[in-house]
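Inspection log for the structure reproduced underneath, given as structure tokens.
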There are 2 protein chains.
Amino acid sequence: MELRQLRYFVAVAEERNFGLAAQKLNVSQPPITRQIKKLEDEMSVVLFKRTSKGSELTSAGQAFLEDARKILNQVKIGVERGQAAQRGEIGTLEIGYFGTPSYLLLPKILKLFKGENPGLELYLHRLSKKEQMDALKTGQIHIGFGRYYNQEHDLCVEHIFNEGMALCLPADFSMEIDNSNWHSVFSQIPLILFPASGRPNFADEILAILKREGVDPEVANVSEDIRAGLMQVAIGTGAMIVPNSVTEMRWFGVRFVKLAALSDDCPISIIYRKSDTSPHLRKLIHSIQHFQESSAKIEI
Amino acid sequence: MELRQLRYFVAVAEERNFGLAAQKLNVSQPPITRQIKKLEDEMSVVLFKRTSKGSELTSAGQAFLEDARKILNQVKIGVERGQAAQRGEIGTLEIGYFGTPSYLLLPKILKLFKGENPGLELYLHRLSKKEQMDALKTGQIHIGFGRYYNQEHDLCVEHIFNEGMALCLPADFSMEIDNSNWHSVFSQIPLILFPASGRPNFADEILAILKREGVDPEVANVSEDIRAGLMQVAIGTGAMIVPNSVTEMRWFGVRFVKLAALSDDCPISIIYRKSDTSPHLRKLIHSIQHFQESSAKIEI
DNA sequence: CCATGTGGATACCGAATACGTATTAATAGC
DNA sequence: GCTATTAATACGTATTCGGTATCCACATGG
């Protein structure tokens, strides 16, 4: 069966006349006869009752007419949807995220992006760095948000933001902190690191920074994730250094002190396939870059 | 666009490889290339991203794939529906009805028929005889139920049932009636006829019967329809002779006396187009004939 | 660096299919 | 019976399709 036959069929059904249908379709009458016949043969269904003054649909023809119209309409819709998708107006974006960027930055970026592209559906997947990279390779996600990605073939890691850091202390830790004496807290309280896995990671970064600053803290605990770490802080196990976005939220039993000295040390990256030419992904990346510029001086 | 192109497109999308898709479709690889290219040109959409190790869908291709699958599936559904309709298993029947046959006979017949043909949808239209005939000619209905149709070109009137008749008297009309003395009521109470229009009609039939029986009643009223007539009876204006099926229902203020002498005088007919070869109609007519035989002795 | 392999595109040819013109067949109305 | 209308058929031509062979691009491995 071919669409040509359906087009002819619908035309004849509408005109109830082979010749008039042929005129409407700008062909001669015999092709109509032949294509309809072919369609009937292939379906093993008689679609028209031919009479001397026209042709009318059989009940089978009436039933099939609905489907034929549906099919032709679906073709039109499909073409339009394909074109809209090509222009990047509709479609889906699968987004992987992990860790603290999802606390503030990702919602901000995606809210902006969604507003600019209402036809796009965004799906979010909480995936570890490793899972993100696998999902990228199999095409399950288009982009990942996180930190400290390893380089890999065909995957492009783009550093999109430098976040500041904050000291996170037990609420009842009374010492006054300023940007000159923040190192000294670690002589009084041990350090809690996170996360425990997926190296290189934020924990390595913190240790590197402290080493650079000449601090050699006692490590009380390496927590699985930031929530576990914050709970350790809350119960007084130690202190943490966290990305600023964490301070935007309310956490029981902890207080934050933003560190001007570390206002630019916490990288946030995106990762995507170099070979992915999807306009949706490109739009999102472009939107992220725009966001970067417009909020370069905004405290995160 | 042709369905061939959609079939090729779906195959390539599934295999993510032109050559493998060709194998699956039992054709060589070049035709795939050409048809896909044609499809892309016609849609002005790039459907695949060709790489050195296969081809993958663009986002536009992904969007269109859904539609292409829908279309091909709809084709399959359409063929099946067409075949089922040809076998008379599915479809619609538009039925015109008028007057008293709809009180009992029509529901009985249609209940039976619907039970035998659950896939058929039955639509009922209350139409006068004239309206039924017009609707038959324009194809709006397939069959009409009623009485006293006029013959007309291409319309076939089939007499399917002879109903008995009953005398309908005011509830407080105390005279004892039996089948020997029923004529005599019209010397005590006038006759009410119905309907007023659409001749020849039931009123003409009643007058003919009474004339045959040698009765010359006073006609008190010619009511538009049976309900109006029954109300006249209830308020005591006169008496009626009605088809037996009317007696099956409860009517305020009237009583019925079935007349054995007129147990076969009230014809019920169907009307349909001679040239209508729809299997649904044929099935219904067949079902009616069957109903006729099986209930030949059943009191209606 | 070249050899090799894979996947898709192109060129060309023969076959299948579609269309157009002319004609025929069937039927209804006069 | 004649005519008009409508669908079907016959046949020649044009288009389209698919097959074979080949080419091109690119990645991989020595």
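What you see is a predicted model, and the numbers here were worked out from it, not measured in a lab. In what follows, every chain begins at residue 1, and chains take the letters A, B, ... in the order their sequences are listed.
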To the nearest angstrom, how far is [X] atom [atom1] from [N] atom [atom2]?
{"X": "B:Glu2", "N": "D:dG18", "atom1": "CD", "atom2": "P", "value": "11 Å"}
{"X": "B:Glu42", "N": "D:dT16", "atom1": "CD", "atom2": "P", "value": "12 Å"}
{"X": "A:Arg50", "N": "D:dT5", "atom1": "CZ", "atom2": "C1'", "value": "16 Å"}
{"X": "B:Glu56", "N": "C:dG8", "atom1": "CD", "atom2": "P", "value": "11 Å"}
{"X": "B:Ile36", "N": "D:dC17", "atom1": "CD1", "atom2": "C1'", "value": "15 Å"}
{"X": "B:Glu40", "N": "C:dA9", "atom1": "CD", "atom2": "P", "value": "8 Å"}
{"X": "B:Lys37", "N": "D:dG18", "atom1": "NZ", "atom2": "C1'", "value": "18 Å"}
{"X": "B:Leu39", "N": "D:dC17", "atom1": "CG", "atom2": "C1'", "value": "16 Å"}

Exercise for the section: Determine: side-chain N/O of B:Thr33 to OP1/OP2 of C:dA9, distance under 4.0 Å, yes or no. Expected result: yes
Exercise for the section: Show your reasoning for whether salt bridge (Lys or Arg N to Asp or Glu O under 4.0 Å) applies to A:Glu2 and B:Arg7. Expected result: CA-CA 10 Å; A:Glu2 290 300 338; B:Arg7 294 192 190 97; 3.5 Å; yes
Practice task
Would you please classify the geometry between the A:Tyr148 ring and the A:Phe202 ring as parallel, tilted or perpendicular, with 30° and 60° separating the classes?
Solution key: tilted
Exercise for the section: Report the relative orientation of the aromatic rings in B:Phe48 and B:Phe18; use parallel for angles under 30°, tilted for 30 to 60°, perpendicular for over 60°. Expected result: perpendicular
Fill in the blank from the handout: Readout for nucleotides 17-30 of chain C: B = base within 4.0 Å of protein heavy atom, S = sugar-phosphate only, - = neither; 5' to 3' it is SSBBBB----BS--
Practice task
Locate the shortest heavy-atom distance separating B:Gln86 from A:Ser44; write the atom from each residue and the value.
Solution key: NE2-O, 3.4 Å
Practice task
Report yes if some heavy atom in the side chain of A:Phe9 is under 4.5 Å from a heavy atom in the side chain of A:Ile36; otherwise report no.
Solution key: yes
Practice task
Could you tell me whether A:Arg199 atom CZ has more than 12 heavy atoms of other residues or ligands within 6.0 Å of it?
Solution key: no
